[in-house]
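These notes are about the structure you will find just below.
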Amino acid sequence: MADRGHFNSRLGFILAAAGSAIGLGNIWKFPFEVGNGGGAAFVIMYLLFCFILCFPVMVAEIAIGRKTQRNPVGAFKALGFKNWAIIGYLGVLAGVVILSFYNVVAGWAFGYFLEMLSSNFGIGAQFSDFIKDVTKIGLYSICFMIATAFIVSNGVAGGIERAAKILMPTLLVLILALLLYALTLPNAIEGVKFYLIPDFSKITGNVVYSALGQAFFSLSLGMGALITYGSYVERNQNIVGSGAMITLADVGIAFLAGFMMFPFVFSQGLEPNGGAGLIFVTLPGVFESLGGTIGTVVGSVFFLLLSFAALTSTVSLLEVPTSFAVDEFGTERKKTVWVVALVVFLVGIPSMLSNGSVEWLSSFVTLPGHDSAISFMDLMEDLASDTFLPIGGFLISVFAAYVWRTENLNEELAASDASIKDSFLLKYINFALRFICPAILGVIALVTVLDRFFGVSLIG
Ligand code: TRP
């Protein structure tokens with residue numbers, strides 16, 4: 001096989017994988033899911049899911065990728081378990097679906113960057129008209145898909161590593177600064193309370209379900225994105241440690257983004273359960289309150305960095321179907337990238353139209369346990385992130401622990417340094433993959449499948 005390329009350094013891999021993880025999921029999706037899920041109780045469930053369930057699955061994915069040096073479909077075949085390649089096929093499908101709507105939201109973020117440049121702070125109040133403007137959004141998301149395809153066609157391990165090294169710390173600093181500012185605002189304390197003091201009566205089946213989906217989505221887990229990234233990692237890297245750092249970085253940014261948002265939401269007298277528009281409605285007012293030029297600068301830098309964060313994520317999403325096609329069908333990489341990007345863009349069109357511009361797409365279906373209809377885009381989000389990803393995670397944990405087997409997994413995890421075998425983290429990973437992940441994810445997957453596909457409603 002041709003040289004697949006490698007990340008240039010350990011830091012390079014961590015940055016690229018963290019770049020894949022940190023994106024709209026942290027800054028756009030996490031706050032509104034917290035808002036819809038009733039606040040602190042959702043935050044706690046999310047944190048528990050990330051550390052207890054997702055971290056072990058992440059390490060397993062990276063190990064499978066590095067061991068086999070293949071895409072998510074090829075990886076299972078290379079280990080000699082053809083039937084398990086179903087995980088990879090599901091992953092490729094989930095990748096296409098997620099990228100199709102993700103790219104639309106990335107277009108919103110990019111559009112907001114332009115609006116902030118021209119100091120249009122009123123855009124927050126016009127959010128629902130903004131996302132209806134199909135010509136504009138279409139243009140922004142085409143640009144976004146082109147940028148993504150351009151990066152992927154030049155290989156993951158190049159420019160992305162370098163850009164991430166500068167941009168992600170800057171994003172972190174900006175979030176911290178906004179967080180401190182938020183805390184000075186009137187009524188901010190109500191937001192802090194909402195975010196940090198749990199009301200466990202708010203936890204319903206649907207809240208558990210979306211906290212779990214959010215954990216997987218935010219860590220880019222359950223569809224083989226990290227199998228693919230792991231396939232570019234060299235054997236002298238400690239992937240247990242890298243996995244821990246990626247998890248911490250991603251969860252840290254999500255936590256801070258939420259911490260920043262709710263004081264803003266409450267100080268403006270807005271409702272926390274504003275849904276997908278939450279940051280887009282709230283933040284322009286915040287930037288306006290900073291006054292003239294400062295507001296324009298901070299606002300445009302914020303949405304520019306958000307667009308970059310989204311770009312390092314869309315890159316990983318496009319990489320999965322691309323590396324699948326290149327490895328499995330031997331197609332030429334550059335051409336494949338553009339064809340896949342075009343297909344994904346087309347798949348995303350109904351999502352783009354489902355935010356108010358086309359009526360039937362905008363209230364497309366009513367899911368069990370909900371009282372109002374959701375849009376086509378929300379359905380894609382629900383199916384791909386909250387349904388496919390946890391099912392993928394369940395299958396990966398069962399595969400790693402019982403099919404590929406713990407000894408082989410550990411062999412790969414300790415390839416850089418035999419002493420890793422005695423570490424507490426590895427012991428925990430083994431235990432979790434054997435018992436905790438299959439049990440919890442299995443139950444949730446079963447309930448979800450019954451609920452979503454057979455209408456047997458156990459969650460409410
Ligand atoms: N994790 C990214 C975010 O939070 C989105 C993402 C990128 C993703 N690659 C993925 C989600 C793979 C699931 C699977 O914005």
Side-chain angles (χ1 to χ4, degrees), residues 15-34 46 49-50 54-55 57-58 61-62 65 71-72 87-88 90-109 144-145 148 151-152 156 160 164 167-168 171 175 210-230 243 246-247 249-258 276 279 305-324 340 344 380-393 395-396:
L15 284 172
S20 157
I22 298 166
L24 296 168
N26 304 57
I27 294 158
W28 160 71
K29 197 165 185 282
F30 179 68
F32 88 70
E33 295 276 2
V34 173
Y46 165 80
F49 285 146
C50 283
C54 291
F55 165 65
V57 175
M58 172 185 284
E61 270 200 36
I62 302 173
N71 70 87
I87 299 176
L90 271 178
V92 171
L93 183 66
V96 169
V97 173
I98 293 176
L99 182 54
S100 76
F101 72 77
Y102 198 93
N103 189 58
V104 175
V105 183
W108 300 351
F144 215 87
M145 190 62 90
T148 307
I151 295 174
V152 175
V156 180
I160 277 274
L167 296 173
M168 306 234 281
L171 181 64
I175 291 176
S210 46
L212 182 69
Q214 176 61 24
F216 274 89
F217 184 84
S218 152
L219 291 164
S220 300
L221 226 54
M223 55 153 277
L226 286 164
I227 296 183
T228 312
Y229 274 27
I246 297 161
T247 307
D250 183 65
V251 173
I253 296 260
F255 184 78
L256 291 173
I279 73 160
L305 288 175
L306 181 61
S307 305
F308 270 112
L311 190 60
T312 52
S313 302
T314 52
V315 160
S316 79
L317 286 161
L318 187 60
E319 177 66 22
V320 172
T322 302
S323 70
F324 161 67
V340 176
V344 176
M380 293 300 104
E381 213 180 298
D382 182 292
L383 273 185
S385 54
D386 298 355
T387 308
F388 281 6
L389 299 181
I391 292 177
L395 294 174
I396 288 166

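Both ligands and their constituent atoms are indexed starting at 1 by order of listing. Just so it is clear, the values below take in all heavy atoms, side chains as well, and ignore hydrogens, waters and symmetry mates.
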Check ligand 1 against [X] and write out every atom of the ligand that is under 4.0 Å from a heavy-atom position of the residue.
X: Ser316; value: 7 (C), 9 (N)
X: Leu317; value: 7 (C), 8 (C), 9 (N), 10 (C), 12 (C)
X: Ser218; value: 1 (N), 4 (O)
X: Leu389; value: 13 (C)
X: Asn26; value: 4 (O)

State whether the side chain of [X] and the backbone N or O of [Y] hold a donor-acceptor pair below 3.5 Å, judged by distance alone.
X: Thr312; Y: Ala309; result: yes
X: Ser313; Y: Ala21; result: no
X: Thr148; Y: Leu311; result: no

Going by heavy atoms in the side chains, are [X] and [Y] under 4.5 Å from each other?
X: Val251; Y: Tyr46; result: yes
X: Ile87; Y: Pro72; result: no
X: Cys54; Y: Thr247; result: no

Taken to the nearest 0.5 Å, the spacing of Leu305 CG from Met168 CE works out to 11.0 Å
Is there a heavy atom in Phe30 that sits closer than 4.0 Å to ligand 1? no
Can an N or O of [X] be found at a distance shorter than 3.5 Å from an N or O of ligand 1?
X: Met223; result: no
X: Phe217; result: yes
X: Gly25; result: yes
X: Leu24; result: yes

Assign the ring pair Tyr102 / Phe217 to parallel, tilted or perpendicular, where the plane angle (0 to 90°) is split at 30° and 60°.
tilted
Nearest non-hydrogen protein atom, [atom]:
atom: atom 3 (C) of ligand 1; answer: Ala21 O, 3.1 Å
atom: atom 15 (O) of ligand 1; answer: Tyr102 OH, 2.5 Å
atom: atom 6 (C) of ligand 1; answer: Ser220 OG, 3.5 Å

For side-chain contact (heavy atoms from CB on, under 4.5 Å), just list the numbers for Val320 and Asn71, CA-CA rounded to whole Å, side-chain angles, deciding distance to a tenth of an Å, and then say yes or no. CA-CA 7 Å; Val320 172; Asn71 70 87; over 6 Å; no
